[in-house]
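See below for the structure under consideration.
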Amino acid sequence: MRGDARLNKLALPVGLILLALVFPFVDDALGTNLTFSAIVVAVFVMLALGLNIVVGFAGLLDLGFVAFYALGAYVVGWLASSHFQQVSFSFLSAANTTTVSGVEKPGIHISFWIILILAGAFAALCGVIIGAPTLRLRGDYLAIVTLGFGEIIPQFFENGNNIFGFNLTNGVVGIKAIDSPGFPFLPDALDDWQRFTTSNLNPWYFTILALVLITIFVNIRLRDSRLGRAWIAVREDETAAAAMGINLVTTKLWAYALGAVFGGLAGAFYGAFIKSIFPTSFSFNVSILILCMVILGGMGNIYGVILGAIVLQGINFYLLPQVNEWVHAIGDATGSALLAEADIPRYNFFLFGLLLVIMMLLRPEGIIPNRQRAEELHGGEEEDASVPEVSRAG
Amino acid sequence: MALLEVQDIHSYYGHIHALRGVSLTVEKGEVVTLIGSNGAGKTTTLRSIHGVLTPREGRIVFDGEEIQNVPPHDMIERGIAQSPEGRKIFSRMTVLENLEMGAYHRNDGVGIQQDMDRVFDLFPRLRERTKQEAGTMSGGEQQMLAIGRALMSRPKLLLLDEPSMGLAPVLVERIFQVIREINEQGTTILLVEQNANVALEIASRGYVLETGRVVNAAPAALLRQDPKVREAYLGEV
C-alpha cells in the first residue's frame with residue numbers, strides 16, 4: 001500500500017518530465033514552432049522559482065527581483081563577448097576565438113558553463129549586498145526598498161557606458177554578439193544536434209530544462225530543510241522565531257542569496273540564448289510579471305509557481321497573439337478598422353492586472369496554494385492587532 | 001553561585017529610561033516572580049535578560065557568563081527559553097510543528113521525543129491536538145502550547161511572561177499547577193505576572209517593581225503578608 005502511494009505521488013512529476021523531454025520532437029513533428037516560446041517560459045519558471053524562495057518561503061516581498069536576472073545576463077555579456085576590447089582572453093570557450101586572419105578576438109571569452117556558475121555566485125553576492133540593508137524592514141517598507149534596487153540596477157546598466165571613462169555596460173546600445181555555449185571537449189561537435197545554434201533550439205531547450213529541474217529539486221530540498229522551517233517561522237513571527245534560536249539575519253540573507261542565484265542563472269542563460277542584452281529588457285515590469293507568477297500560482301507552493309509562470313507566459317506568447325489574429329479576422333470580416341488593426345498583445349499587463357485582481361478576490365492563495373499560506377489568508381480571524389512593540393512592554 | 005544574576009541594569013526604549021537600575025538573582029531550582037503594575041518594567045526586565053533589549057548599563061550573568069550582549073537567538077543555546085507575552089505561537093503551524101520549532105536548535109532525535117512526551121504528559125490537551133492549527137485553539141490551549149514549546153529546548157531557565165493573561169480563573173489555576181510541576185521536575189523559572197496572587201503562591205521569592213526600580217524583594221510568603229503589597233497588588237484594603 002505504502003509503495004503504491006509513493007508510486008502514485010511520483011507518477012505525475014515523472015510523467016511531466018517525460019512530456020518535457022519529448023516536447024521539442026513533438027513540436028518539430030507537428031511544426032507548431034513552440035520550442036522558442038517554451039525556452040523563454042522555462043527561463044521564467046526559473047525566475048519565478050527563485051523569487052518563490054524569497055517571497056513564498058521567507059515571506060520577504062521583493063519588488064526588484066529583475067535586478068538579479070539583469071546581473072546574470074550582464075555577467076554572460078561581459079565574459080562571453082568582445083565587449084571589453086581592451087583585453088583578449090579566452091578560456092575553454094566554444095566560440096571561435098580567432099578571427100579569419102588568425103588574430104585572437106578581443107574581449108573575454110569564457111566557457112558558458114563556467115559563466116553559469118560565476119553568474120549564480122555573483123548574483124548571490126549581490127543578493128546579500130542588497131539584502132543586508134533591508135533586514136530591519138518589514139512589509140511595505142521592504143517592498144519599497146527592493147523596488148528602489150530594482151529600478152537602480154537597469155538605470156545603472158543604462159548609464160554604465162561611462163563610469164569615469166570606463167565603458168562597463170555599453171549603455172542603451174547593450175552588449176551584442178554574445179558567444180554561444182558549446183562543449184569544450186568536443187570542439188567539432190559530431191553533428192548539428194550538439195551545437196547551440198539559432199536554427200536548432202534543442203540544445204538550448206535541454207539546457208534550460210536541466211536548469212529548471214535543478215531549480216525545482218533545490219526548491220523542494222530547501223522547503224523541507226531546517227532552513228525552510230526557519231523561513232516559515234520567520235514569516236509567521238520574527239520575535240518568536242528568534243526565541244527559538246533562529247538567527248533572523250542569516251536566515252533572511254540566505255533567502256535573498258539563494259533566490260538571487262536562480263535569478264542570476266536564468267539571466268545568464270537568457271543572455272546567451274538571446275545573444276544581445278539591453279537595459280530595457282530588465283525593467284520594473286519584469287519584476288512585477290515574475291511576482292504575478294508567484295502570487296497567481298500560489299506563493300510558497302513549488303508546483304503552483306511553475307504553473308503560474310507557464311500560464312502567464314502562455315498568455316503572453318500564445319493566447320494573446322492568437323486572440324489578436326481572431327480579432328483581426330473578425331475586423332476584416334466585418335470591415336471594422338478598429339478591430340482589424342487592434343494590437344491585443346499590448347494589453348498584456350492590463351490583462352495580468354485584471355487576472356490578479358480576480359484571483360485576489362476569489363482565490364487569494366493562488367491556483368495551487370501552500371497549506372500555511374492558505375490559512376494565513378482565510379483563517380486569520382484570531383489575529384491579535386499588532387500593537388507597537390514599545391507600548392506592550394510591561 | 002546564582003543561576004541568573006542581574007546587576008543594576010538600565011534599559012531604554014529610545015529616550016525612555018525604562019529600567020533604572022534593576023538587580024535580581026535567581027538561584028538554581030527556584031521559582032522567582034516579578035510583580036508590579038502596568039509599565040513597572042517587568043516585561044522590559046525579561047526582554048533585557050533575553051537579549052531583545054540590550055541594557056546600556058549593568059551586567060547580566062547567567063551560569064557564570066555575561067550575557068547582556070548576547071542576541072536573543074543565542075539564548076536558547078545557552079539554556080534560556082522564553083514563553084513571551086501574548087504567547088507568540090506560530091498560529092498557522094500545527095501543534096506538533098510548533099513544538100518541533102521549540103527544538104529547532106537540537107539534533108538529538110531521542111531527546112526531542114522524550115521532551116515531546118514530557119510536554120504531552122504535562123499538557124494532555126496538546127496530545128489530543130497535535131494535528132490542529134495552533135491559531136484555531138483556545139487561549140488557554142495556546143498558552144499551554146507556548147509553555148510547552150519553550151520546554152522543548154530543555155532549558156535551564158524558563159522565562160514566563162504573563163502566562164495568566166486573558167485566561168479564565170479556572171485555567172489560570174490549571175496553568176500554574178503545571179508551572180509548579182515543571183519547576184518540581186527541575187527547571188528554574190523566572191515568572192513575570194500581574195496576577196500577583198497566583199504568582200506569589202508558587203514562587204519562593206518575589207521582586208516588586210515600580211517605575212523601573214525594584215522597591216521590594218522578599219520571600220513570597222513575606223510579600224503576601226506585606227500590607228503595601230496586599231493593598232497594591234493583591235486587591236485588598
Side-chain angles (χ1 to χ4, degrees), chain A residues 56-59 135-136 223-254 298-301 364-365 369-394, chain B residues 11 13-14 16 18 34 36-47 50-53 71-77 80-93 97-98 100-107 133 135-137 139 142 146 149-150 152-153 159 161-162 192 194 209:
Chain A
F57 291 169
L135 286 171
R136 291 160 158 272
R223 182 194 60 192
D224 300 336
S225 71
R226 233 172 103 76
L227 186 58
R229 280 189 297 144
W231 282 333
I232 295 173
V234 169
R235 198 174 78 201
E236 284 216 10
D237 194 312
E238 293 195 0
T239 320
M244 301 299 109
I246 293 166
N247 186 334
L248 299 178
V249 171
T250 50
T251 304
K252 288 185 186 180
L253 283 183
W254 270 115
M299 258 187 269
N301 184 300
E365 66 274 24
N370 164 285
R371 178 175 64 83
Q372 270 138 352
R373 279 283 184 186
E375 277 137 21
E376 275 164 49
L377 289 159
H378 283 302
E381 272 80 57
E382 274 190 49
E383 187 79 329
D384 46 345
S386 49
V387 185
E389 292 287 312
V390 173
S391 62
R392 301 176 65 127
Chain B
S11 292
Y13 291 109
I16 302 163
L34 298 182
S37 52
N38 251 337
K42 304 186 301 290
T43 295
T44 309
T45 306
L46 272 202
R47 287 167 148 250
H50 199 247
V52 181
L53 214 59
H73 61 259
D74 283 340
M75 287 300 174
I76 207 137
E77 203 77 62
I80 304 181
Q82 191 198 21
S83 164
E85 187 185 15
R87 300 169 201 132
K88 300 253 180 201
I89 52 160
F90 299 111
S91 53
R92 279 93 193 190
M93 292 187 193
E97 286 167 335
N98 264 278
E100 282 168 356
M101 282 312 302
Y104 177 79
H105 69 292
R106 295 172 60 181
N107 292 317
E133 299 304 325
T136 64
M137 298 197 302
Q142 292 189 18
R149 187 182 62 180
M152 286 303 293
S153 67
L159 307 177
D161 197 351
E162 302 276 4
V192 159
Q194 272 196 45
L209 258 66

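Order of the sequence lines sets the chain letters (A, B, ...), proteins ahead of strands, with each chain counted from 1. What's counted below: heavy atoms across the whole structure, side chains too, no hydrogens, waters or symmetry copies.
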> What is the distance from atom CZ of A:Arg229 to atom CD of B:Glu100, rounded to the nearest 0.5 Å?
Replying inline: 6.5 Å
> Hey, what do you get for CD (B:Glu85) to OG1 (A:Thr239), rounding to the nearest 0.5 Å?
Replying inline: 11.5 Å
> To the nearest 0.5 Å, what is the distance between CG (A:Asn247) and NE2 (B:His105)?
Replying inline: 14.5 Å
> Which pair of heavy atoms, one from A:Glu236 and one from B:Ser91, lies closest together, and at what distance?
Replying inline: OE1-N, 3.0 Å
>> For the backbone of A:Gly245 and the side chain of B:Glu77, can you confirm whether one donor and one acceptor N or O come within less than 3.5 Å of each other?
In response: no
> Quick one: of A:Ala243, A:Ala241, A:Ala233, who has the most non-hydrogen atom pairs under 4.5 Å with chain B?
Replying inline: A:Ala233
> Is a side-chain donor or acceptor of A:Arg226 paired with a backbone partner of B:Tyr104 at a separation under 3.5 angstrom?
Replying inline: yes
>> Can you give me the closest heavy-atom contact between A:Leu248 and B:His73, atom names plus distance?
In response: N-ND1, 4.4 Å
> Is there side-chain contact between A:Ile246 and B:Met101, with at least one heavy-atom pair below 4.5 Å?
Replying inline: yes
>> Do B:Arg149 and A:Met244 make a side-chain contact, defined as non-hydrogen atoms from C-beta onward lying under 4.5 Å apart?
In response: yes
